[in-house]
Amino acid sequence: MRQNEGVYVGIVKNNRPLVAGNWKMNGLKNAVQEIIKLQTSLQDLVSLGCDVLVCPPATLLSHFEAVVSEGQVPLLLGGQDCHMAVSGAHTGDISAQMLKDVGCEYVIVGHSERRSDHNETNEMVQAKAKAAIEAGLIPIICVGESEEERVAGQTLTVVTSQLRGSVPPESKGNEIIIAYEPVWAIGTGKVPEVKDVADVHQMIRKELASILGHGGQELRILYGGSVKADNAGTLMAIDNVDGALVGGASLRADDFTGILKVYSS
Ligand code: 13P
């Protein structure tokens, strides 16, 4: 049995799932109340069969860390981006080491909003993922096609080339996580058909096995894009979906808990 292998409540998965909340540019200091509420809800959930990660804006990390480290439940913290350099003259940027220093274990890299707002290329995303691994963080590398690409039937081609360009080929399977987030599904309430998610995740698994060798099998592949409590059960049950990357529905503890319940008895 592999280290991560197991049967999780309700849903059978090879890899221990991860449900990650990406708060994006939302939240002020008083949002710590949602973290406290989330901790209480997690305590009430019987045998939670997934890891739970919150990625707030960088300004809130140390504030949240103080609460998380005192809590009874293992709540993980992550950043939403990091610079590829360890330090230096990069005004406004944050290094992977700084995220690690403040208590993060994960960092999202290559989110479609970073790729479009900041013109991030696959090469830059790969360099950020490498910097994260070197700092002892697990990068969550995001890929996903636009609406235009989907309509043109280019989903698999686009995602394959993003994977080849963004995944550090020398990394081990347990050092990285992939998040498949169709750009057209983010914040729109639209989700792909179950078969489409299954096809893309299966292709990602195959492609990772070819890039990384056997490491591709135990690597977690998350789905992201309009995940809510009412569709999480269906999405999380799909083969090769090892958890979720959640935007809007991660901001309020009640909504996020509704999703986490999928992995609880
Ligand atoms: P929504 O869950 O709001 O669609 O956002 C998804 C996302 O971009 C998470 O990174």
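These figures come from a predicted structure and were not determined experimentally. As the structure lists them, so they are numbered: ligands from 1, and atoms in each ligand from 1.
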What atoms of ligand 1 come closer than 4.0 angstrom to any heavy atom of Gly225? 4 (O), 6 (C)
Does ligand 1 have an atom under 4.0 Å from some heavy atom of Gly224? no
Side chains of Arg205 and Ser210: any donor to acceptor distance under 3.5 Å? no
Please determine whether any non-hydrogen atom of Ser226 lies less than 4.0 Å from an atom of ligand 1. yes
Report yes if the distance between the aromatic ring centroids of Trp23 and Phe256 is under 6.0 Å, otherwise no. no
Nearest non-hydrogen protein atom, atom 7 (C) of ligand 1: Glu181 OE2, 3.1 Å
Looking only at protein heavy atoms, identify the closest one to atom 2 (O) of ligand 1 and say how far it is in Å. Gly247 N, 2.9 Å
State whether the shortest distance between N or O atoms of Glu113 and N or O atoms of ligand 1 falls below 3.5 angstrom. no
Part of Ile186 within contact of ligand 1 (heavy atoms, under 4.0 Å): both
Note: Arg114-Glu120 ion pair, threshold 4.0 Å (strictly below): yes
Going by the atom numbers of ligand 1, which of them fall below 4.0 Å from some non-hydrogen atom of Asn22? 9 (C), 10 (O)
Atoms of ligand 1 less than 4.0 Å from Leu245 heavy atoms? 9 (C), 10 (O)
Test side-chain hydrogen bond (donor to acceptor under 3.5 Å, both in side chains), reference Arg220, set Asp51, Asn240, Asn174, output is Asp51
Side-chain contact test, heavy atoms from C-beta onward, threshold under 4.5 Å: evaluate it for Ser171 versus Leu212 and give yes or no. yes
Determine whether the side chains of Glu181 and His111 contain a donor N or O and an acceptor N or O closer than 3.5 Å. yes
Are Ile178 and Leu222 packed together at the side-chain level, in the sense that at least one heavy-atom pair is separated by less than 4.5 angstrom? no
Measuring from the heavy atoms of Lys24, does anything fall under 4.0 Å of ligand 1? yes
Determine, for Lys128 against Asp81, whether the closest basic-nitrogen to carboxylate-oxygen distance falls under 4.0 angstrom. yes
Starting from atom 3 (O) of ligand 1, locate the nearest protein heavy atom and write down its residue, its atom name and how far away it is, to 0.1 Å. Gly248 N, 2.9 Å
